[in-house]
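Notes to accompany the following structure.
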Number of protein chains: 4
Amino acid sequence: MSCKRDDIFNAARNLIAECGFHGSSVALIADRAGVGAGTIYLYFKSKDILINELYQDIEKRISAFILEDYPGTRPIRERFVHLGTRLLTYFIANPLDFRYVEQFYYSPYGAAFRRDRIMGEPGTCKHTVYNELFEQGVSQQILRDLPLFVIDSLAFGPLLAVARDHTLGFITLDEHLLEEIIVASWDSIKR
Amino acid sequence: MSCKRDDIFNAARNLIAECGFHGSSVALIADRAGVGAGTIYLYFKSKDILINELYQDIEKRISAFILEDYPGTRPIRERFVHLGTRLLTYFIANPLDFRYVEQFYYSPYGAAFRRDRIMGEPGTCKHTVYNELFEQGVSQQILRDLPLFVIDSLAFGPLLAVARDHTLGFITLDEHLLEEIIVASWDSIKR
Amino acid sequence: MSCKRDDIFNAARNLIAECGFHGSSVALIADRAGVGAGTIYLYFKSKDILINELYQDIEKRISAFILEDYPGTRPIRERFVHLGTRLLTYFIANPLDFRYVEQFYYSPYGAAFRRDRIMGEPGTCKHTVYNELFEQGVSQQILRDLPLFVIDSLAFGPLLAVARDHTLGFITLDEHLLEEIIVASWDSIKR
Amino acid sequence: MSCKRDDIFNAARNLIAECGFHGSSVALIADRAGVGAGTIYLYFKSKDILINELYQDIEKRISAFILEDYPGTRPIRERFVHLGTRLLTYFIANPLDFRYVEQFYYSPYGAAFRRDRIMGEPGTCKHTVYNELFEQGVSQQILRDLPLFVIDSLAFGPLLAVARDHTLGFITLDEHLLEEIIVASWDSIKR
DNA sequence: GATGAATGAGCGTTCATTCAT
DNA sequence: CATGAATGAACGCTCATTCAT
């Protein structure tokens with residue numbers, strides 16, 4: 001048994017992942033979700049809001065997945081490997097989520113979203129498990145002494161790039177390759 | 001003295017960099033370029049063709065810039081540092097080019113463009129100065145023994161990520177920071 | 001009680017009859033039909049399709065009208081008089097239908113339509129009640145021994161011409177005049 | 001040696017005959033005429049005026065052709081046969097003129113043109129050689145006692161219809177067939 | 001005279017959104 | 001709650017017309 005809100009989420013994600021925002025009209029999303037076009041507006045005030053809430057929904061699921069069995073008290077490196085591995089694993093298992101996130105991230109939607117999130121934070125930067133990890137790593141002199149944003153980019157930039165190669169079929173990420181990539185990523189941030 | 005074609009290129013790049021493809025109608029581009037809407041069609045057969053030619057134009061300029069003084073006969077590492085540094089330097093100096101390229105790259109335009117380019121190549125993969133460098137690096141056992149696509153992603157994924165942070169104003173890339181980032185990137189691909 | 005599809009049909013016919021295809025934009029048709037411009041596309045995939053379906057609709061109504069009480073077993077002459085009279089009567093009663101059909105027929109739309117129809121026919125030429133009549137007439141040596149196309153043109157060329165004069169107000173076709181014209185037309189095809 | 005005005009006339013006639021008014025932009029006409037687009041406006045105030053003047057030009061040439069050797073003092077029938085034969089002969093020899101005239105005639109251009117011509121006449125109807133002929137024919141009780149417009153339509157309706165069949169390739173008008181058609185046409189107007 | 005680059009109103013069409021049912 | 005017919009503003013694009021050269 002499914003609820004219409006989820007049907008809409010799934011339809012929107014699949015369609016946008018495949019066809020982009022431009023190729024995904026509300027009517028098409030409604031069609032694929034098996035609901036009337038008007039119904040979408042019962043659950044979301046506008047298409048933009050649907051797009052944003054869908055992103056946050058996926059983010060939440062990703063977050064939940066990578067935090068499963070998170071070894072929060074183990075060494076920095078082990079924790080990083082866990083997070084990186086889980087993230088890549090998630091994207092490999094859920095290529096549509098990856099495609100959607102990517103489309104969102106690099107569009108004006110993503111720019112606005114990030115700007116809002118950063119503006120909305122009272123502290124110096126958003127507080128996530130990554131940031132906590134990187135902050136500790138820097139202060140313990142395990143990671144390079146670089147701004148958190150930079151470490152973030154060094155660490156996840158390559159992971160997202162290989163995830164893209166994988167979803168586009170340019171490479172096939174097996175467990176072994178995945179491990180090597182995580183290690184390489186670690187080597188770029190560790191002191 | 002300016003020519004209308006360049007005015008249109010600049011207006012399109014600036015507007016799309018800021019507002020995305022969706023938010024950049026032909027009328028708006030024409031307005032900003034200070035020309036009539038019809039004039040755009042004197043220089044470009046369609047909006048799509050304008051978008052693609054603009055991308056190729058920027059790519060050409062980037063390519064010319066990073067190949068200036070390229071030390072093609074020096075060690076792998078030095079060559080890599082040159083390329084990475086020049087690339088980031090270009091993006092810092094031309095943030096609108098970066099925003100445009102990024103939007104293009106992750107949109108259906110970019111997907112189609114890459115598909116065409118890969119299909120059009122007779123060899124196994126496109127031949128660029130990067131690939132040559134990475135191929136040599138791998139065969140000389142200076143770089144990790146990973147698929148070229150992966151090395152590419154490891155090397156440039158983080159560079160593009162920090163360029164993004166910079167253009168969004170999250171960090172400020174000075175010469176020193178830039179150097180550290182390039183080194184970090186090198187550390188993730190070197191053996 | 002009216003349905004929007006019919007409203008659009010009527011508005012399109014009236015406007016095109018008066019102003020031609022060129023002078024009948026979708027916006028104008030929608031206006032006259034009392035619907036939004038987008039509504040037209042709920043009922044017709046494109047303006048071209050609207051134009052073609054409208055023609056076929058009128059053709060069907062004409063066909064139904066002239067075949068009413070058709071004395072299919074009576075002499076050739078009587079049958080011809082029936083068909084000619086009914087046809088002219090229809091055009092007199094529905095001058096907008098006549099103007100539309102005429103515009104359609106002599107435009108590229110009509111050329112394409114006839115081409116398709118002739119191509120689509122398995123036999124040597126389209127089978128209509130006219131052709132059947134003329135074929136019989138020729139083989140029974142009641143009509144001149146001329147190609148069917150020619151008999152067709154001899155018979156209907158003048159009828160359409162006088163219908164045109166009537167709709168333009170140059171003449172007024174009363175019952176008596178109509179009868180004389182049909183007889184004249186008959187005289188040009190009979191042996 | 002050719003003059004630009006004639007080049008434009010020819011290009012316009014050929015293009016419109018083939019592609020209709022809709023498919024014949026000023027730029028295309030200029031191209032085919034081998035002149036600049038602006039040049040057309042040196043010779044014609046607007047596209048509409050070009051179209052109308054072109055029609056009148058063709059009409060004049062047709063008129064000149066059918067009046068060659070016109071046996072103005074011979075019996076009505078002979079004169080009619082002359083006019084009809086010459087008219088059909090002209091259209092067979094100049095199919096592009098026929099196609100143009102036809103397109104013009106049945107479009108709003110033609111309707112307006114005829115209306116203007118009739119309005120412009122102080123007498124009951126326009127004075128042409130046809131009308132003179134038909135008037136005499138009626139008053140001498142050689143032709144049916146019908147309004148001139150009707151005789152006109154009876155006489156020329158079928159001729160134009162067979163000319164159309166010929167230009168479309170449905171029939172081939174040789175000298176013999178042509179003669180039979182003229183006779184048939186005569187039979188419909190003669191008493 | 002002759003040009004053709006430039007224009008912008010207007011085209012056919014799409015689609016996010018609304019609302020009567 | 002749910003619908004989908006209806007909307008009209010906005011889209012990409014065309015083309016008759018103008019005007020600086």
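We use all heavy atoms of the structure for the numbers below, so side chains are in, but hydrogens, waters and symmetry mates are not. Each chain gets a letter, A, B and so on, in the order its sequence line appears, and its residues count up from 1.
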| query | Is a side-chain N or O of C:Arg32 found less than 3.5 angstrom from the main chain of C:Asn10, in a donor-acceptor match? | reply | no
| task | Mind calculating the distance between CD1 (A:Ile16) and P (E:dA16) to the nearest angstrom? | result | 10 Å
| note | Ranking D:Ala27 and B:Leu28 by the position along DNA chain F of their nearest nucleotide, the one closer to 5' is B:Leu28
| task | Send over the distance from A:Lys47 NZ to F:dA10 C1', rounded to a whole Å. | result | 14 Å
| query | D:Asp31 has an atom CG; how far is it from atom P of E:dT3, in whole Å? | reply | 12 Å
| said: Rounded at 0.5 Å granularity, tell me how far OG1 in D:Thr39 sits from OH in D:Tyr43. | reply: 7.5 Å
| query | To the nearest Å, how far apart are B:Ile29 CD1 and E:dA6 P? | reply | 17 Å
| said: Without decimals, in angstroms, what is the distance between B:Leu15 CG and F:dC11 P? | reply: 11 Å
| task | Nearest-nucleotide wise, let me know which of A:Gly23 and D:Leu42 is further upstream toward the 5' end of DNA chain E. | result | D:Leu42
| Sugar-phosphate only, base, or nothing, as touched by B:Val26 at under 4.0 Å among non-hydrogen atoms | sugar-phosphate
| task | Please answer whether the main-chain N or O of C:Glu59 pairs with a side-chain N or O of C:Ser63 as donor and acceptor at a distance below 3.5 Å. | result | no
| remark: Atom CG of D:Asp48 and atom P of F:dC15 are separated, to the nearest Å, by 15 Å
| query | Is it true that a side-chain atom of D:Arg115 and a backbone atom of C:Leu168 form a donor plus acceptor pair closer than 3.5 Å? | reply | no
| said: Does A:Tyr43 reach a base, just sugar-phosphate, or nothing at all? Heavy atoms under 4.0 Å. | reply: sugar-phosphate
| request: Please give the nucleotide sitting opposite F:dC11 as a Watson-Crick or G-U wobble pair, both distances under 3.5 Å, or none. | output: E:dG12
| task | Nearest whole angstrom, please: distance from the P of E:dG1 to the CG of D:Asp7. | result | 15 Å
| request: Figure out the CZ/C1' separation between D:Phe44 and F:dT18, and round it to whole Å. | output: 18 Å
| field | C:His22 or B:Val35, whichever maps to the more 5' nucleotide of DNA chain E | value | B:Val35
| request: Report which part of the nucleic acid B:Thr39 touches: base, sugar-phosphate, or nothing (heavy-atom distance under 4.0 Å, all strands). | output: base
| remark: The residue, B:Ser25 or D:Tyr41, whose nearest nucleotide of DNA chain F is more 5′ is B:Ser25
| request: Report yes or no: does B:Asn52 contribute a side-chain atom to a donor-acceptor pair with the main-chain N or O of B:Asp48 at less than 3.5 Å? | output: yes
